[in-house]
Engineer: 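Here it is, the structure, as structure tokens.
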Amino acid sequence: MTARPISETVASLMPRAKAELAELVAFRSVADPAQFPKSECDAAADWVADALRAEDFQDVALLDTPDGTRSVYGFLPGPAGAPTVLLYAHYDVQPPLDESAWLSPPFELTERDGRWFGRGAADCKGGFIMHLLALRALKADGGVPVSVKVIAEGSEEQGTGGLEQYAEAHPELLAADTIVIGDTGNFRIGLPTVTATLRGMTMLRVQLDTLEGNLHSGQFGGAAPDALAAMIRLLASLRAEDGTTTVDGLMTDTEWDGLQYPEGEFRKDAKVLDGVELIGTGTVADRIWARPAVTVIGIDCPPVVGATPSLQASARAQISLRVPPGQDAGEATKLLTAHLRSHAPWGARVSVEQVGQGQPFRADTTSPAYTSMAEAMRVAYPGEEMQSSGMGGSIPLCNTLAALYPEAEILLIGLSEPEAQIHAVNESVSPQELERLSVAEALFLRNYAESKKV
């Protein structure tokens, strides 16, 4: 049987896929009730559950996870004796940031310049649509040859670990022979790629207190310790002069030995301004895939508009630390906490709160499932061979699944190629990539089923 029926079927389903993605993107499903109503996430979860029921999934359930969010589960039985494949995506999204900076409304899927724009279009509502497309194509071409479990997470972007905790408490639920995580992306549009490694992460909030209350900077400035100035000095201690992450005790010189990322391409993808230097040392791949990276992702301080001439009594910042494979996220958390406590200037009082953590991940790319995926991608992307790359981001669930199901093969694919600009304003998805990866996933499921026949 050739791939032509699969590719034709997926192509014919693309208008429906666009309409469904538009419906899903319309939910403002940021899993943080301080920013958006919880009802938005609940409505998105209901939409995902209804979509699974419409595809004849059984045991569809909204799972109340310990972090207060819901993950959606469904099971589609395959032929007797067929292997089971778990397909993963998440329906929660990053906040839109500055909505005025979007060229079109962030929660309204908009076609422009050959791409579909909207928050979550690539990361990762598009990943759920990709799974639906692959399954529909197989059903139209003889049936789905494996048993399929789908899990759509509701808090991946928050890193609060709800689904990991639920899976650990119900280990039978997500058990599978192979797991396809649809939340990464090709190294470049048109270059089929599986992600071999993920950096883990830890997220801390640090607060410095120096005064009982704010003071007039003219009356007390120059002698009274300013908490905001103390915070600036503390955060500066996390980087060397060249921008390299410098957390006391954390290894920062590991190297990446796989697919390289040319500096010119990286500058273009990252939209680095002319004349601005990249930070760190080593190759770009070393810096973003094999080494830790600290980022200050938020800081509480008075805005410029309306600022008063005051010394700040307290200051607070949120810090993200990406942890590469080979290092333990728990140990990195301890090192970062100790660094923050020991480098606070002027005897400022320090409090540190952990708000998220996930371990790094390394896949076994020699497993039989990778052979099936390579064959599928070769057909879906004519003339191209499957590549393996790293990814600087984190998917904490991967390590949980690897620990729960050590015999399962885990593959990472998805729609978040560089032009997608995930987590930034004007996030978008390439419909061509959605189509090709859906074809690849459908062919993979067929190839994998054949490989498991005795």
Side-chain angles (χ1 to χ4, degrees), residues 9-32 35-57 60-63 69-74 76 87-96 99 102-137 139-140 148 150-157 182-183 414-416 420-423 425-435 437-438 441-442:
T9 301
V10 171
S12 71
L13 290 169
M14 287 301 292
R16 179 182 178 185
K18 182 182 180 183
E20 290 178 324
L21 184 57
E23 293 178 12
L24 195 49
V25 164
F27 297 110
R28 303 165 75 89
S29 51
V30 177
D32 181 359
Q35 298 184 66
F36 290 93
K38 184 177 181 293
S39 59
E40 292 287 322
C41 287
D42 290 342
D46 289 338
W47 190 99
V48 170
D50 288 342
L52 293 180
R53 294 187 187 100
E55 298 302 324
D56 300 320
F57 273 75
V60 175
L62 296 168
L63 311 176
T69 65
R70 286 179 166 179
S71 292
V72 186
Y73 169 83
L76 183 69
L87 303 179
Y88 167 91
H90 62 84
Y91 67 82
D92 72 303
V93 298
Q94 285 285 336
E99 295 198 30
W102 285 73
L103 297 179
S104 52
F107 296 101
E108 182 179 311
L109 195 70
T110 304
E111 185 168 3
R112 186 171 65 251
D113 302 324
R115 298 182 67 91
W116 300 343
F117 288 80
R119 176 57 91 220
D123 182 26
C124 177
K125 292 176 177 180
F128 179 72
I129 298 299
M130 175 184 73
H131 294 327
L132 289 183
L133 278 169
L135 295 175
R136 287 168 179 164
K139 289 168 74 173
V148 175
V150 166
I151 187 71
E153 188 173 1
S155 58
E156 192 275 342
E157 297 292 7
D183 192 23
L415 301 164
S416 298
Q421 293 290 290
I422 64 170
H423 294 201
V425 297
N426 297 310
E427 176 185 347
S428 67
V429 68
S430 162
Q432 291 77 27
E433 289 291 75
L434 174 59
E435 183 174 341
L437 282 169
S438 299
E441 182 167 279

Engineer: Mind checking the OG-NZ spacing from Ser29 to Lys38? Nearest 0.5 Å is all I need.
Structural biologist: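 These two atoms lie 12.5 Å from each other.
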Engineer: To the nearest 0.5 angstrom, please state how far the CG atom of Leu415 sits from the CG atom of Asp183.
Structural biologist: 9.5 Å
Engineer: Residues in salt bridge (charged side-chain N to carboxylate O under 4.0 Å, His left out) with Glu153, at least two apart?
Structural biologist: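 Testing Glu153 for salt bridge (charged side-chain N to carboxylate O under 4.0 Å, His left out), a comparison that skips the adjacent residues, returns none.
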Engineer: Sequence neighbours left out, what pairs pass salt bridge (Lys or Arg N to Asp or Glu O under 4.0 Å) with at least one residue falling in residues 13-23?
Structural biologist: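 Matches after skipping sequence neighbours: Arg16-Glu20, Arg16-Glu55, Lys18-Glu111, Glu20-Arg136.
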Engineer: Say you draw a straight line from CD1 of Ile129 to CG of Leu21; how long is it, rounded to the nearest 0.5 Å?
Structural biologist: 5.5 Å
Engineer: Does some side-chain heavy atom of Trp116 sit less than 4.5 Å from a side-chain heavy atom of Leu434?
Structural biologist: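 They are in side-chain contact.
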Engineer: Where do Ala44 and Tyr91 come nearest, in terms of heavy atoms and distance?
Structural biologist: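 Distance-wise, the nearest heavy atoms are CB-CD1, 3.6 Å.
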Engineer: Please report the shortest heavy-atom distance between Asp50 and Arg53, naming the atom on each side.
Structural biologist: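 So the two residues come closest at OD1-NH1, 2.9 Å.
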Engineer: Determine whether Pro96 and Phe36 make a side-chain contact, defined as any pair of heavy atoms from C-beta on separated by less than 4.5 Å.
Structural biologist: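 Side chain of Pro96 against side chain of Phe36, heavy atoms only: contact under 4.5 Å found.
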Engineer: Going by side-chain contact (heavy atoms from CB on, under 4.5 Å), name the residues that satisfy it together with Ser39, two or more places apart in sequence or in a different chain.
Structural biologist: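 Partners of Ser39 under the side-chain contact (heavy atoms from CB on, under 4.5 Å) test: Pro37.
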Engineer: With side chain to side chain contact (heavy atoms under 4.5 Å, CB included) as the test, would you mind laying out the steps for Ser104 and Arg112 before giving the verdict?
Structural biologist: CA-CA 9 Å; Ser104 52; Arg112 186 171 65 251; 3.2 Å; yes
Engineer: Nearest 0.5 Å, what's the NZ-CG distance between Lys139 and Asp56?
Structural biologist: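 Separation between the atoms: 4.5 Å.
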Engineer: Salt bridge (Lys or Arg N to Asp or Glu O under 4.0 Å): which pairs involve residues 116-133, sequence neighbours left out?
Structural biologist: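 Applying salt bridge (Lys or Arg N to Asp or Glu O under 4.0 Å) to every pair that reaches into residues 116-133, excluding sequence neighbours, yields Arg119-Glu427.
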Engineer: What are the two closest heavy atoms between Gly114 and Pro431, and how far apart are they?
Structural biologist: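 Answer, listing the atom of Gly114 first, then Pro431: O-CD, 3.3 Å.
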Engineer: Within the 4.5 Å heavy-atom criterion, are Leu62 and Asp42 side-chain neighbours or not?
Structural biologist: no
Engineer: For Gln35, give me all partners under side-chain contact (heavy atoms from CB on, under 4.5 Å), at least two apart in sequence or on another chain.
Structural biologist: Val30, Asp32, Pro95
Engineer: Not counting sequence neighbours, which residues clear side chain to side chain donor-acceptor pair (under 3.5 Å) with Asp46? List them please.
Structural biologist: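 Asp46: no side chain to side chain donor-acceptor pair (under 3.5 Å) contacts found.
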Engineer: Tell me, do Val148 and Phe57 make a side-chain contact under 4.5 Å, heavy atoms counted?
Structural biologist: yes
Engineer: Any heavy-atom pair between the side chains of Leu133 and Leu437 that's under 4.5 Å?
Structural biologist: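 No. Closest side-chain heavy atoms not under 4.5 Å.
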Engineer: Mind listing the closest non-hydrogen atom pair of Asp92 and Gly154 along with its distance?
Structural biologist: CB-O, 3.2 Å
Engineer: Under the side chain to side chain contact (heavy atoms under 4.5 Å, CB included) rule, what do Val150 and Val48 come out as? Steps first, then yes or no, please.
Structural biologist: CA-CA 10 Å; Val150 166; Val48 170; 5.8 Å; no
Engineer: What is the minimum heavy-atom distance between Ala137 and Thr9, and which atoms define it?
Structural biologist: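 For Ala137 and Thr9, the tightest heavy-atom pair comes out as CA-CG2, 3.7 Å.
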Engineer: Where do Val25 and Pro106 come nearest, in terms of heavy atoms and distance?
Structural biologist: CG1-O, 3.9 Å
Engineer: Heavy-atom distance under 4.5 Å between the side chains of Trp47 and Val72, does that happen here?
Structural biologist: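 Trp47 does not reach Val72 side chain to side chain.
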Engineer: side-chain contact (heavy atoms from CB on, under 4.5 Å) with Glu435: which residues, sequence neighbours excluded?
Structural biologist: Val10, Ala11, Met14
Engineer: Who are the side-chain contact (heavy atoms from CB on, under 4.5 Å) partners of Thr69, not counting sequence neighbours?
Structural biologist: Ala31, Thr65, Asp67, Ser155
Engineer: Got a sec, which residues hit salt bridge (charged side-chain N to carboxylate O under 4.0 Å, His left out) with Glu99, two or more places apart in sequence or on another chain?
Structural biologist: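 With sequence neighbours excluded, Glu99 shows a salt bridge (charged side-chain N to carboxylate O under 4.0 Å, His left out) to Arg28, given in chain and number order.
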Engineer: Using the side chain to side chain donor-acceptor pair (under 3.5 Å) criterion, which residues pair with Glu157? Sequence neighbours excluded.
Structural biologist: Gln94, His423
Engineer: Any side-chain heavy atom of Leu103 sitting closer than 4.5 Å to one from Phe117?
Structural biologist: no
